[in-house]
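Following: one structure in structure tokens, then a few remarks.
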Amino acid sequence: MHRPHTLSSLVLGYVLAILVVTMVLGFALYTQVTRDQFDRTTENEALAVAQAVAADPAVRTEMATGDRTGDVQRVAERMRLATGTAYVVVIDREGIRHSHPNPALVGRRIEEPVIALDGKTHVGIDPGSLTDSANGKAPLTAPDGTVIGEVSAGILERNVSQSFWTEIPTLLAYTGAALLAGVVVSLVLARRLKRMTFGLELDELASLLQEREATLHGIREGVVAFDERGRLSMVNDEARRLLGWRHAAIGEPLGEILPEGRLRDVLGGAVPGIDQVVLTDEHLLVANRMPVRVRGRHIGSVVTLRDRTELEALLRELDSVTGLTDALRAQQHEFSNRLHVLSVLVGMGEAEEAMAYLDEISAGSTAQAEGLRSRIAPASLAALLLAKITIAAERDVHLIVSDDSRLDEPGPDALLTIVGNLVDNALDAVAETPAPRSVTVRLTQVNGQITISVTDSGPGVSAELAQRVFEDGYTTKPPRNGLPRGLGLALVHRLVTRLGGRITARPGPGGAFLAELPLPAAKELVEHR
């Protein structure tokens with residue numbers, strides 16, 4: 001079975017391959033450049049010799065007069081021997097040699113044209129009669145300045161190659177040292193990568209990544225991760241849905257993603273503790289934030305989010321049903337007592353007294369219901385208030401709907417939530433106070449604006465807490481029936497704000513909350529919901 005290569009061996013192999021290819025190409029390029037430099041230097045040396053001979057007065061004079069004495073050969077050979085060049089050849093305009101290391105070629109014509117007659121110097125590699133050579137050619141002028149020939153000097157290529165190859169050991173030593181350094185660095189890098197990946201190989205890392213993605217985006221809890229600087233490093237699909245982060249980008253600081261408020265404080269760690277309850281525009285969430293440490297070093301934090309919106313709604317609905325059940329049980333007990341009184345009166349033959357008693361008890365409850373229904377147009381709101389009156393009576397609290405309360409327009413569902421939470425909060429506030437205990441509700445509608453006022457005989461709130469009572473999670477009361485506290489007023493505040501209204505709390509003694517809602521905005525919210 002083929003065993004996959006380890007990460008360290010892959011890193012070492014690839015780095016070595018890159019180094020070898022790079023060093024071979026670099027070596028070839030460097031040798032080529034060095035050889036070209038040797039050729040250019042040698043050509044310039046040969047040209048300097050040719051220019052020196054061409055500038056010699058004796059050579060110029062002899063060549064101008066036809067070289068009758070043969071001094072040109074002697075001067076050229078003396079210069080050749082003195083400079084160590086392979087040849088110094090003096091050529092007239094006709095291409096006839098007047099000097100050459102091989103005397104047999106003196107007086108013979110060269111095969112190539114005399115190119116220095118243009119008055120310019122020329123360099124290059126010349127095949128020549130001896131062998132390949134680095135050649136320099138200089139124009140030869142008469143004393144009057146007329147170009148009468150050229151001087152060609154050359155240095156054999158084998159001498160250039162010998163000089164070049166003496167440099168090769170140095171180049172090979174440098175290449176070997178660089179390759180050895182690359183091997184050492186590759187081994188160190190491979191070892192460091194292995195430590196950074198906790199000894200995991202590439203296929204294991206790929207599997208972990210796939211499992212991580214599948215887990216994070218498949219669970220029903222929101223997961224948000226931040227690095228040590230508080231920047232967003234990871235967020236799964238459920239967290240984006242719960243927080244409404246459609247465009248939040250990885251790497252953004254939390255302060256640029258969320259505005260100031262409890263949600264940002266909980267996610268950022270400013271509010272410590274487990275199972276922190278926070279409200280968003282759409283959801284009720286339970287958040288838990290845990291720091292992440294690796295080898296004792298803080299590298300960030302992870303926040304998990306659970307959606308408690310539906311569960312909280314069910315629990316509160318169950319709590320309301322339980323309250324109504326208790327109220328109905330109390331009414332049934334009271335109704336049994338009244339039936340017992342009627343039965344005794346009838347048994348005693350007091351028919352008129354029984355009829356009077358029946359009219360009295362019927363008129364009270366019926367008048368109250370009809371009075372509310374005539375002044376409060378939304379039937380659901382009137383029913384809610386009647387239910388709250390019954391529940392309050394069971395708790396020995398006198399709940400009053402003021403006589404000047406009037407609501408002619410059908411209200412939205414949000415109005416039920418606002419009134420219900422404010423009344424529940426008032427009932428809780430007076431529950432532990434001495435009798436008599438009372439709660440007063442006032443509903444008015446003027447110029448398209450609904451005003452809701454709920455006051456109670458409780459201790460109220462201090463001026464310092466008048467705004468904090470609307471923060472989600474803030475409460476001074478213990479949990480009741482498994483329900484977290486600190487959500488009712490926060491939910492009311494959020495609904496009122498979304499409706500375009502405002503809500504205020506008046507400092508005590510006595511609790512007093514005033515909410516003002518523009519009716520058109522309330523209708524728009526109903527359609528949106």
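Below, each value reflects all heavy atoms present in this structure, side chains not excepted, and no hydrogens, waters or symmetry copies. Each residue takes its place number in the sequence, starting with 1. A quick note: this is a predicted structure, and the numbers were derived from the prediction, not measured.
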So, do Val235 and Leu243 sit near enough that their side-chain heavy atoms are less than 4.5 Å apart?
-> no
To the nearest 0.5 Å, what is the distance between CG (Leu427) and CG (Asp456)?
-> 8.5 Å
Can you check side chain to side chain contact (heavy atoms under 4.5 Å, CB included) on Asp307 and Leu285, steps first, answer last?
-> CA-CA 5 Å; Asp307 189 3; Leu285 307 177; 4.2 Å; yes
Distance col, row Thr304:OG1 vs Glu238:CD, nearest 0.5 angstrom, shows 12.0 Å
Is the backbone of Asn421 close enough, under 3.5 Å, to the side chain of Asn425 for a donor and an acceptor to pair up by distance?
-> no
Give a yes or no on whether the backbone of Arg375 and the side-chain of Arg406 come within a donor-acceptor separation of less than 3.5 Å.
-> no
Are Arg395 and Asp428 close enough for a salt bridge, meaning some N to O gap below 4.0 Å?
-> yes
Approximate separation, where rounding is to 0.5 Å, of Leu517 CG and Leu495 CG | 9.5 Å
Heavy-atom side-chain proximity of Leu232 to Trp245 below 4.5 angstrom | yes
Compare every heavy atom of Val454 with every heavy atom of Ala426, then report the nearest pair and how far apart it is.
-> CB-CG1, 3.9 Å
Looking only at heavy atoms, which two atoms of Ala392 and Leu399 are closest? And how far apart?
-> CB-CB, 3.7 Å
Between the NE2 atom in His298 and the CG atom in Asp227, the distance rounded to the nearest 0.5 Å is 8.5 Å
Which atom pair, heavy atoms only, marks the closest approach of Ala512 to Thr455?
-> CB-CG2, 3.8 Å
May I ask you to decide if Val271's main-chain N or O and Asp265's side chain share a donor-acceptor pair within less than 3.5 Å?
-> no
In this structure, are over 12 heavy atoms from other groups packed under 6.0 Å from Ile274 atom CD1?
-> no
Check: Ser453 main-chain N/O paired with Arg442 side-chain donor or acceptor under 3.5 Å | no
Applying side-chain contact (heavy atoms from CB on, under 4.5 Å) to Arg437 and not counting sequence neighbours gives Asp396, Val397, Val430, Thr433, Ala435, Ser457
Asn447: side chain to side chain donor-acceptor pair (under 3.5 Å) partners, not counting sequence neighbours = none
Do side-chain atoms of Ser438 reach the backbone of His398 as a donor and acceptor pair under 3.5 angstrom?
-> no
Rounded to the nearest 0.5 Å, how far apart are CD1 of Ile452 and CG of Leu443?
-> 6.0 Å
Of all residues at least two apart in sequence or in a different chain, which pass the side chain to side chain donor-acceptor pair (under 3.5 Å) check with Arg506?
-> none
Counting only heavy atoms not in Asp403, do more than 12 sit closer than 6.0 Å to its CG atom?
-> no
Would you give the length of the straight line joining atom CG of Leu263 to atom CG of Leu258, rounded to the nearest 0.5 angstrom?
-> 5.0 Å
